[in-house]
**Q** 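Next up is a structure, given as structure tokens.
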Amino acid sequence: MPSFNKTRSTSDDPAPSPRRIPSVERLVGGASPADLAAYGRIAFTGAIRAVLAGLRAEAGPVPEAAAIRAAACRQLAAERRPSLKPVFNLTGTVLHTNLGRALLPRSAAEAVAAVMVQASNLEFDLATGARGERDDHVEALICRLTGAEAAVVVNNNAAAVLLVLNALAMRKEVVVSRGELVEIGGSFRVPDVMVRAGCRLREVGTTNRTHLRDYAEAIGPRTGLVMKVHPSNYAIAGFTAEADPEALYALCRERGVPLADDLGSGNLADLAAYGLPPEPTVRAALERADVVTFSGDKLLGAVQCGIVAGRTDLIARVRKNPLKRALRVDKMTYAALEAVLRLYLHPERLAEELPTLRLLTRDRAAITAQAERLAPAVAERLAGRAAVSVSECVSQIGSGALPVETLPSAALVLTPEAAGEPARRGAGGRCKRLAERLRDLPVPVIGRIQDDAILLDLRTLEDEAGLLDSLASLVSPPSAL
Ligand SMILES: *Cc1c(COP(=O)(O)O)cnc(C)c1O
């Protein structure tokens, strides 16, 4: 009994009569050939059905057929937008784990593209025609740059640590200082990784002080490995002591136990030579350890991967371990890593060619000049939303490299304006809302909020025109809602 006109009220409309909603067939049949070709008939029909389902669930008038088709096209266009996409990282953290860490040089991106669309000699020895070894593409380069005898590459440094522990110390004890039982973030905790690798953790010393004699007492017949871990994201200050690295290495050799050093951020260049805070290189670490593990996408500036480098016999055990197969990397990774490692062969040009080093070595004067130059154009695009000024700030390296060091930098400071915003929204709320708008841009702009303003640290801004373009989409006036 269709008698809904009796109880009809403005706020409580029943669903419109299904008869007034056009059929799927009619809507698809009348669609423009261009839309059908662009999305395909199957996807287009699915989107039409979804829009109609929405209309049936809602009260109110049924739109024209053209409007229903347009809604379907908008939905299809939105679905086509990639989920993973470029953003402007203006947070001031150069190696930002959540924003993809190191940026690759073009040469590396091109090397990746080349092996992606064509077959490659990934595991094929072109000289003999026999099967090859995928690590061969980078092993000699790694050895040349670090002094290691051999090297293997796996998925990331967490994988490298897991593999080293499992290959060298399964069912054995691993001696680690209590001051180095680190949590790196993303649930990578040294004690947990030990358990997963099938090792028993043998803690020595105390949080702030560990001595050579602590290691000497702990090393015994059950020891498989002594491990050092770089305190990547903290510093222990005050009354502290750590065993002398040379003496510890001598002790390990005397007892016949390998020493592994998890460096975290693998640094291949002498950073001090580029005016950066000094950080021990992989080469220096290998003078006092048998194997080292480090990331490919931290200071090294390449792709996500983990590198194990060191003594031939130990690396052979690592390579033979069945986990290596589970943790191995794709040809894209080798292509990018090889291209980046080659840049290190020309240290004079490195700070120019390697994006990570180029960004880290920018000085405050240059960044301030860039900020002053850009401020008027940015202010124009933010008119009515925020006032724009220039301020000094500090950037960080990020990803656990030199955690307590900062780099002098400069930022554009966006101070949201109250105009057009309800008074109940305080400065903090306005700031959050502006940050949301910036994240919603075609190329999202990610800054950091500080004292009710958004700081855009320009240390990491190279594509100025791209930033201004993206900000230009903020054209619509700020809404009061
Ligand atoms: C970053 C880090 C790791 C983990 O490296 P990923 O490449 O992120 O897996 C492990 N150990 C240390 C000391 C680190 O700094």
Side-chain angles (χ1 to χ4, degrees), residues 93-104 138 142 151-169 174 176-197 199 201 210 225-236 242 245 259-268 271 277 279-282 284-286 288-289 291-310 318 323-324 326-330 332-334 336-337 340-341 356 396-405:
T93 300
V94 177
L95 295 167
H96 198 301
T97 297
N98 305 138
L99 300 179
R101 286 199 187 156
L103 312 182
L104 287 183
V138 291
I142 295 170
V152 302
V153 180
V154 286
N155 181 58
N156 55 14
N157 189 38
V161 173
L162 179 75
L163 184 59
V164 163
L165 288 169
N166 185 264
L168 305 184
V174 179
V176 187
S177 160
R178 288 197 170 89
E180 297 174 6
L181 293 174
V182 199
E183 173 178 312
I184 304 296
S187 75
F188 180 88
R189 290 173 149 194
V190 169
D192 298 343
V193 175
M194 294 264 175
V195 173
R196 296 291 164 151
C199 307
L201 173 62
T210 302
L225 191 69
V226 172
M227 189 157 108
K228 296 282 295 167
V229 184
H230 188 283
S232 291
N233 43 16
Y234 66 99
I236 294 180
E242 143 174 62
L259 173 65
D261 191 352
D262 177 23
L263 297 173
S265 207
N267 170 33
L268 297 185
L271 293 183
E279 166 86 357
T281 57
V282 173
L286 275 170
R288 309 187 222 107
V291 283
V292 297
T293 47
F294 54 99
S295 284
D297 58 351
K298 291 184 178 174
L299 272 179
L300 197 154
V303 269
Q304 180 191 306
C305 65
I307 297 172
V308 188
V318 167
L323 274 179
K324 164 71 163 77
L327 302 172
R328 76 179 188 187
V329 295
D330 185 50
M332 293 187 273
T333 302
Y334 287 103
L337 181 61
V340 169
L341 291 173
T356 297
Q396 324 182 350
I397 296 176
S399 283
L402 304 159
V404 290
E405 305 276 357

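We count ligands from 1, going down the list as the structure has it; atoms in each ligand are counted the same way. Since we're looking at a predicted model, the values are computed, not measured.
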**Q** Distance under 4.0 Å to a non-hydrogen atom of Lys298: what atoms of ligand 1 satisfy this?
**A**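 Near Lys298, meaning under 4.0 Å from one of its heavy atoms, ligand 1 has 1 (C), 2 (C), 3 (C), 5 (O), 14 (C), 15 (O).
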**Q** For residues Ile397 and Val94, determine if any side-chain heavy atom of one lies less than 4.5 Å from a side-chain heavy atom of the other.
**A**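 They are not in side-chain contact.
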**Q** When you measure from the heavy atoms of Val161 to every atom of ligand 1, does any distance fall below 4.0 Å?
**A**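 Outside the 4.0 Å threshold, so no.
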**Q** For Arg189, I'd like to know if atom CZ has over 12 heavy atoms of other residues, nucleotides or ligands within 6.0 Å.
**A**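 Counting neighbours around CZ of Arg189, 12 or fewer heavy atoms of other residues, nucleotides or ligands fall under 6.0 Å, so no.
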**Q** Which of these passes side-chain contact (heavy atoms from CB on, under 4.5 Å) with Met227: Thr293, Val190, Leu259?
**A**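 For Met227, the side-chain contact (heavy atoms from CB on, under 4.5 Å) test succeeds with only one of Thr293, Val190, Leu259, which is Val190.
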**Q** In ligand 1, which numbered atoms sit nearer than 4.0 Å to a non-hydrogen atom of His230?
**A**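 In order of numbering, the contacting atoms are 13 (C).
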**Q** Looking at Lys228 and Glu242, is any side-chain nitrogen of the basic one under 4.0 Å from a carboxylate oxygen of the acidic one?
**A**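 Answer for the salt bridge query: yes.
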**Q** Just jot down the ligand 1 atoms closer than 4.0 angstrom to any heavy atom of Arg101, in number order.
**A**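 Per the distance check, 6 (P), 7 (O), 8 (O).
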**Q** Report yes or no: does a heavy atom of Glu180 sit under 4.0 Å from some atom of ligand 1?
**A**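 In this structure, Glu180 fails to qualify as a contact of ligand 1 - no heavy atom is under 4.0 Å.
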**Q** Between the side chain of Asn157 and the main-chain N/O of Ala160, is any donor-acceptor distance below 3.5 Å?
**A**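 Side chain of Asn157 to backbone of Ala160, a donor-acceptor pair under 3.5 Å: no, none is there.
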**Q** Who's the nearest protein heavy-atom neighbour of atom 13 (C) of ligand 1, and how far?
**A**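 Protein heavy atom at minimum distance: Ser232 OG, 3.1 Å.
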**Q** Looking only at protein heavy atoms, which one is nearest to atom 10 (C) of ligand 1, and what is the separation?
**A**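 Protein heavy atom with the smallest distance to atom 10 (C) of ligand 1: Asn157 ND2, 3.1 Å.
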**Q** Which of the atoms of ligand 1 are close to Ser295, meaning less than 4.0 Å from one of its heavy atoms?
**A**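 Numbered from 1, ligand 1 contributes 5 (O), 6 (P), 7 (O).
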**Q** Compare all side-chain heavy atoms of Asn155 with those of Gln304 and state whether any distance is below 4.5 angstrom.
**A**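 When only atoms from C-beta onward are counted, Gln304 and Asn155 do touch, with a gap below 4.5 Å.
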**Q** With a cut-off of 4.0 Å, which atoms of ligand 1 are near a heavy atom of Ala158?
**A**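 Checking each atom against Ala158, I get 4 (C), 5 (O), 6 (P), 9 (O).
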**Q** Between Ser265 (side chain) and Leu299 (backbone), is there a donor-acceptor pair under 3.5 Å?
**A**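 Yes, Ser265 side chain to Leu299 backbone: donor-acceptor pair under 3.5 Å.
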**Q** For atom 11 (N) of ligand 1, grab the closest protein heavy atom and report residue, atom and distance to one decimal in Å.
**A**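 Checking every protein heavy atom, the shortest distance to atom 11 (N) of ligand 1 gives Asp262 OD2, 2.6 Å.
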**Q** Determine whether any heavy atom of Gln304 lies closer than 4.0 Å to an atom of ligand 1.
**A**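 Gln304 does not count as a contact of ligand 1 under the 4.0 Å cut-off.
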**Q** Counting distance only, does the side-chain N/O of Glu180 pair as donor-acceptor with the main-chain N or O of Pro231 below 3.5 Å?
**A**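 No; judged by distance alone, with no hydrogens or angles, the pair does not exist.
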